[in-house]
2 protein chains.
Amino acid sequence: MKRSNAQRLRDALEDDIINGRRAPGERLDADALCHEFGVSRTPVREAVQQLVASGLVTVSPKKGTFVARIGIDELIEMFEVMAELEGMCGRLAARRIDQAELEVLRQAHERCEVAARAGDSDDYYYENEAFHDCIYLASHNGFLAGEARQLKQRLKPYRRLQLQVRQRLMSSLEEHRDIVAAIESGDAAGAEQALREHVLIQGERFSDFVSSVRRFGLGREAMDGGEASR
Amino acid sequence: MKRSNAQRLRDALEDDIINGRRAPGERLDADALCHEFGVSRTPVREAVQQLVASGLVTVSPKKGTFVARIGIDELIEMFEVMAELEGMCGRLAARRIDQAELEVLRQAHERCEVAARAGDSDDYYYENEAFHDCIYLASHNGFLAGEARQLKQRLKPYRRLQLQVRQRLMSSLEEHRDIVAAIESGDAAGAEQALREHVLIQGERFSDFVSSVRRFGLGREAMDGGEASR
DNA sequence: ATAGACCTATTGGTATGCCAGTGTCAATTT
DNA sequence: AAATTGACACTGGCATACCAATAGGTCTAT
C-alpha cells in the first residue's frame with residue numbers, strides 16, 4: 001500500500017504534535033510546510049484538514065492554522081469521557097475476555113511491572129499503552145476501541161503532565177493489578193470502576209467541583225482568544 | 001458568516017444520507033456531484049473527505065466512494081457506545097443540572113408526551129431529539145455532548161428501523177418519565193441505568209450474545225465486501 | 001473454454017494560478 | 001499624540017490541468 005504525500009504529511013505532523021515537538025498554540029505555516037516536505041499546497045491543505053477533523057489543530061480564519069490549544073475546562077471534559085470509555089472497555093472485557101486474550105493481558109501487565117521496577121518511565125509509558133490496548137481488544141467492541149484510541153491520541157500531548165508526577169508510576173502499577181484481578185474474576189462493575197478511576201485519578205469529584213465553580217463565572221480563560229472550530 | 005461550497009456540499013450530502021435520501025451502499029459519483037452543484041472537483045473532494053472522517057461515507061480505492069454501509073455487528077457496537085454516552089450524560093446531569101435546565105427538560109418531556117398522545121410519530125421523533133439534547137446540555141460536559149450528538153447523527157440512518165416498532169413510542173415515553181424522575185431526584189446511578197437501557201432497549205445481553213456467537217465463527221456477513229477505512 | 005496478456009476509462013493525487021476577503025501596519029490627518 | 005484611513009501581504013477557497021495507477025473488460029492463443 002503506497003501512502004500519499006498528504007498521508008505522510010499528516011502522520012508526520014500528528015506525530016510531532018503528539019510527542020510535543022510542536023507545542024500547543026504553535027503556528028503551522030502552510031508555505032513553510034510546502035517547502036519543508038517538497039510538496040505543493042494541495043496535500044498540505046489536505047493534511048491540515050484531516051488534523052482539524054481529528055481535533056489536533058485548529059484554524060483561525062484569516063489568521064492561520066495552529067496546533068490545537070485545549071483549555072483546562074475542555075481538557076477536564078475530555079478526561080471525563082476518556083475515563084468513561086476506558087471504564088466501559090473494562091466492564092465489557094470482564095465479561096467477554098477469552099483465555100488467549102487474558103494471557104496476553106497478563107503478559108502486558110508483567111512487562112509494565114518490569115518497566116516500573118526498572119524505573120524506566122519511557123518504557124513504562126509504552127508498555128502502559130500496550131496494556132490498555134489489550135483491554136480495548138478484549139472489550140470485543142472494535143468501534144469502542146477505535147474511539148478510545150482516538151481520544152487517547154488527542155489527549156496525548158497533555159498526558160505527559162499527568163504522568164510525570166513522582167510515584168505516579170508505582171501507584172499506576174498497583175491500579176493495574178486491581179484491574180487485572182477484576183477482569184480475571186469477571187467482575188464487570190469492579191473493572192469498570194477501577195479503570196475509570198485509574199484514568200481520572202481522583203474520580204469525578206474534581207471535575208464536579210470545577211464544573212460548579214465555573215457556573216459562578218469564575219472562568220479565568222474567557223479572554224483566551226476565540227479558538228474557532230466547527 | 002459565509003459558508004464555502006465545500007461546506008454546503010458536505011451538509012447537503014450529510015442531510016441526504018441521514019434522512020435516507022441516499023441509501024447505504026449507494027455510489028457517490030464525483031463528477032456527477034461536480035455537475036449537480038456546479039463546482040469543480042476540489043470542493044467535492046473536500047466534502048467527501050470530511051464525510052469519510054465522520055464515518056458517513058467510505059471510499060474503496062480505485063472503485064469509488066459510497067455511502068457507508070455499516071454491518072450489523074458494527075452497528076451493535078455503535079449502539080453499545082451510544083448507550084454508554086447517553087448513560088453518562090444522564091449520570092452527570094443528575095448531579096449537575098440546575099433549576100433552569102430542569103425546567104427546560106420538563107417542558108421537553110411534556111412536548112414529547114403531547115406528540116406521543118397525538119400519535120404523531122414524526123413529531124415525537126423531533127421532540128425526542130430535543131429531550132435528549134436537554135440531557136446532553138445538563139451534563140455540563142460540552143465535549144461529551146458533542147460526541148454524543150455526532151454518534152447519534154451517524155446512527156440516524158439506521159435508527160428509523162428501531163423506532164418504527166409498534167408501541168415503541170409509548171414505552172419510550174414511559175422510559176422518559178423514569179429518566180426525568182431520576183434526574184429530578186439526583187439519582188445518578190438510576191438516571192444512567194435508565195438512559196442506557198432506553199437506548200439499548202434490551203440492555204447489553206443481546207450484544208453479549210451476538211459477541212459470543214460471532215466468536216464461534218458464525219458471522220454470516222464475512223463476505224459482505226471489503227469496507228475499506230482508515 | 002479457459003488462462004493469460006494487453007487496453008482503456010476511471011479514479012486518486014498533485015501542481016499551479018487566480019480571486020476575494022481580511023488582518024496588519026504604516027502613513028496621514030486632526 | 002491619538003485616531004482614521006488606506007495599501008499590501010497573507011490566507012482561504014476554487015478551478016483547472018496533468019500524471020500515475022489500476023479495475024475491469026476485451027482480445028488472443030492454446
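Note on naming: letters A, B, ... go to the chains in the order of the sequence lines (proteins, then strands), and numbering restarts at 1 for each one. Note that these values count all heavy atoms, side chains included, but never hydrogens, waters or copies made by symmetry. Model, not experiment: these values are computed from the prediction.
Ionic pairing of A/E147 and A/K152 is not present here: no N-O contact between side-chain nitrogen and carboxylate oxygen is shorter than 4.0 angstrom. With salt bridges taken as basic N to acidic carboxylate O contacts below 4.0 Å, none links B/R69 and B/E26. With respect to A/E46 and A/R10, no salt bridge is recorded, no charged nitrogen being found less than 4.0 Å from a carboxylate O.
A side-chain contact (heavy atoms from CB on, under 4.5 Å) with B/F131 holds for exactly one of B/Q107, B/R111, B/H176; it is B/H176.
Distance CG (A/D31) to C1' (D/dG12): 12 Å, rounded to an integer number of Å. In this structure, the CZ atom of B/R10 is 13 Å from the P atom of D/dC14, given to the nearest Å. Taking atom CZ on A/F37 and atom P on C/dG13, their separation rounds to 18 Å, with Å as the unit. The CD atom of A/E46 sits 16 Å away from the C1' atom of D/dG12 (whole-angstrom rounding).
Closest to the side chain of A/R27, from the set D/dC14, D/dC10, D/dA15, is D/dC10. Comparing atom distances between the B/P43 side chain and each of D/dG13, D/dA15, D/dT11 picks out D/dA15 as nearest.
Residue contacts shown for B/R8 are absent, as no nucleic acid heavy atom lies under 4.0 Å away. If you check every strand for non-hydrogen atoms under 4.0 Å, B/A6 touches sugar and phosphate atoms only.
Between B/E86 and B/H198, the side chains place no donor N or O within less than 3.5 Å of an acceptor N or O (distance only, hydrogens not considered).
Put simply, B/R45 has no side-chain N or O that comes within less than 4.0 Å of OP1 or OP2 on D/dT16.
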field: CA sep, side-chain torsions, deciding dist, call: B/R96, B/E101, salt bridge (Lys or Arg N to Asp or Glu O under 4.0 Å)
entry: CA-CA 10 Å; B/R96 299 177 179 174; B/E101 289 165 343; over 6 Å; no
query: Taking protein heavy atoms under 4.0 Å as touching, what does nucleotides 16-22 of chain C look like 5' to 3' if B marks base contact, S marks sugar-phosphate-only contact and - marks none?
result: BBB-BBS
